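Residue numbering restarts at 1 for every chain, and letters A, B, ... go by the order of the sequence lines. Everything quoted here is computed from the prediction, not taken from an experiment. Both backbone and side-chain heavy atoms feed into the values below; hydrogens, waters and symmetry mates do not.
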Number of protein chains: 2
Amino acid sequence: MKNKTMYAVLGVLSLLGPMSGYDIKKFCDKSISYFWNENFGHLYPVLARLEADGLIERDTEAEDSRKKNYKITPKGVEVLKDWLTLPVEYQPERSELLLKLSFGTKMELEATLSMLEAARERNELKYKQLSSIHSYYLGNEEAKSKPQYPYWLVTLRYGINSLEASLKWFGETMEFLRSYESK
Amino acid sequence: MKNKTMYAVLGVLSLLGPMSGYDIKKFCDKSISYFWNENFGHLYPVLARLEADGLIERDTEAEDSRKKNYKITPKGVEVLKDWLTLPVEYQPERSELLLKLSFGTKMELEATLSMLEAARERNELKYKQLSSIHSYYLGNEEAKSKPQYPYWLVTLRYGINSLEASLKWFGETMEFLRSYESK
DNA sequence: CTAGTCATGTAACTCGTTACATGATTAG
DNA sequence: CTAATCATGTAACGAGTTACATGACTAG
């Protein structure tokens, strides 16, 4: 479980050019929060360390007084590329929803169902948000002209695809549990 | 991000009866690793604390010499049930695969594709494993007679359903990226 | 003038991982 | 006899979260 925040920072800076810590956080929240999240408490120390290690540096041009804009260095690019070619690390699964559900016999059916319903609604909301971004992308020539376009499109589709599958499961599962009980 | 290991322990003990730390770990690895994982370094201290707090206690009956068997106490059951009715906590997403993929322009297409292929193969293997457990369940009368049966079935289906969706996405995505490049 | 947002940071903390240590038992 | 597995633990560490502090600027 190595520090992945640093690679996220390097990647974002290499894709979008000089940015401040605050901007990086905003970008995460706004554009990639469905698959990546950062918080200030971790981000700022990582930025300091990346600068100390010479992987990023202050961008003196276009100084916005109170912002600390960083740009990636050639050394930073190298480190990023090395990481990109490494296989994706195995991440042990931990789903609180499924854990609770597997203890279903220890709670009331109604409680289980309302837990599922709450989770389903959250997913449905996310699904709608991602879908609307998706259709925006498909109809926007400027977005399409960017080199990142195909990659952003497929990540988006991953999110949409997963949510779609989960919504289907929620429906089937709630139906199944209700009918199983009433036998 | 409260300590969820303790609830996992309480739940497992309440479902399966007295067990040792070693057995709990084995159960996680064998039966629920597709949605929950534990490791000894965390598990043993948590067991000690749960005992100190009176949520579990040593089971003196059927002592297996070198095993420390724990059973859940009434207080432990209460704590478990309180937690079960709480809504599932929001878990910020962090997918290394999608992060890397979103930086796709910074690497060779071939490297991206082989990263995807490796991930796809892992998922396919898991998919086959879960599917075989699923069909075993459906044909096993003893499993069906247990009160947990409907809950274990639906968690299993969650795993299968997600993997199925991801496999579909992997196929489409690799195809899309290849054809996008060659234009 | 005041509330909110912009922007950067630090300190304390908790969770979970990794690596190591130990001793007992069992299989070949 | 030896290697593997059973079984329990500890120490050190690192990642990431939460809460707090600070100051500047901005909209009503």
Problem set entry | DNA chain C: 5'-proximal contact among A:Y70 and B:M6 (nearest heavy atom) |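 Between the two, 5'-proximity favours A:Y70.
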Under the salt bridge (Lys or Arg N to Asp or Glu O under 4.0 Å) test, residues paired with [X] that sit two or more places apart:
X: A:K146; answer: A:E142
X: A:E124; answer: A:R120
X: A:K126; answer: none
X: A:R122; answer: none

Selection: [range], any non-hydrogen atom under 4.0 Å of DNA chain D:
range: residues 41-49 of chain A; result: A:G41, A:H42
range: residues 88-102 of chain B; result: B:P92, B:R94
range: residues 19-26 of chain B; result: B:S20, B:G21, B:Y22

Problem set entry | Residues that B:S102 engages under side-chain hydrogen bond (donor to acceptor under 3.5 Å, both in side chains), provided they are two or more places apart |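 Partners of B:S102 under the side-chain hydrogen bond (donor to acceptor under 3.5 Å, both in side chains) test: none.
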Exercise. With sequence neighbours excluded, what pairs up with A:Y90 under the side-chain hydrogen bond (donor to acceptor under 3.5 Å, both in side chains) test?
Worked result: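 Here no residue qualifies.
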Distance in angstrom units between [X] [atom1] and [N] [atom2], rounded:
X: B:N37; N: C:dT18; atom1: CG; atom2: P; result: 11 Å
X: B:F27; N: D:dA7; atom1: CZ; atom2: P; result: 17 Å
X: B:F40; N: D:dT8; atom1: CZ; atom2: C1'; result: 9 Å
X: B:D29; N: D:dT5; atom1: CG; atom2: P; result: 14 Å
X: A:E51; N: C:dG9; atom1: CD; atom2: P; result: 9 Å

For this session: Among residues two or more places apart or on two chains, list those pairs meeting ring-ring contact (aromatic ring centres under 6.0 Å, His included) that have a residue in residues 95-118 of chain B.
Result: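 Checked against ring-ring contact (aromatic ring centres under 6.0 Å, His included) - neighbours excluded - no pair reaches residues 95-118 of chain B.
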Exercise. Do A:Y137 and A:W152 come within less than 4.5 Å of each other through their side chains, counting heavy atoms only?
Worked result: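 Contact flag for A:Y137/A:W152 side chains = yes.
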Acceptor/donor pairs from residues 15-25 of chain A side chains to any protein atom, 3.5 angstrom cut, sequence neighbours excluded:
| unit_1 | atom_1 | unit_2 | atom_2 | d |
| --- | --- | --- | --- | --- |
| A:S20 | OG | A:D23 | N | 3.1 |
| A:S20 | OG | A:D23 | OD2 | 3.1 |
| A:D23 | OD1 | A:K67 | NZ | 3.4 |
| A:D23 | OD2 | A:K67 | NZ | 3.2 |
| A:K25 | NZ | A:D29 | OD1 | 3.2 |
| A:K25 | NZ | A:D29 | OD2 | 3.2 |
| A:K25 | NZ | A:E38 | O | 3.3 |

Problem set entry | B:T5 side-chain N/O to C:dG16 phosphate OP1/OP2 under 4.0 Å |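 For C:dG16, OP1/OP2 do have a side-chain N/O of B:T5 under 4.0 Å.
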Problem set entry | Phosphate-side-chain proximity, A:K67 and C:dA7, N/O vs OP1/OP2 below 4.0 Å |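 Yes, within the criterion.
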For this session: Give every residue pair that meets the salt bridge (Lys or Arg N to Asp or Glu O under 4.0 Å) criterion with at least one member in residues 96-111 of chain B, sequence neighbours excluded.
Result: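 Those involving residues 96-111 of chain B are A:K4-B:E96, B:E96-B:K100.
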For this session: Please check if atom NZ in B:K144 has more than 12 non-hydrogen atoms from other residues, nucleotides or ligands closer than 6.0 Å.
Result: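 It does: B:K144 NZ has more than 12 such atoms within range.
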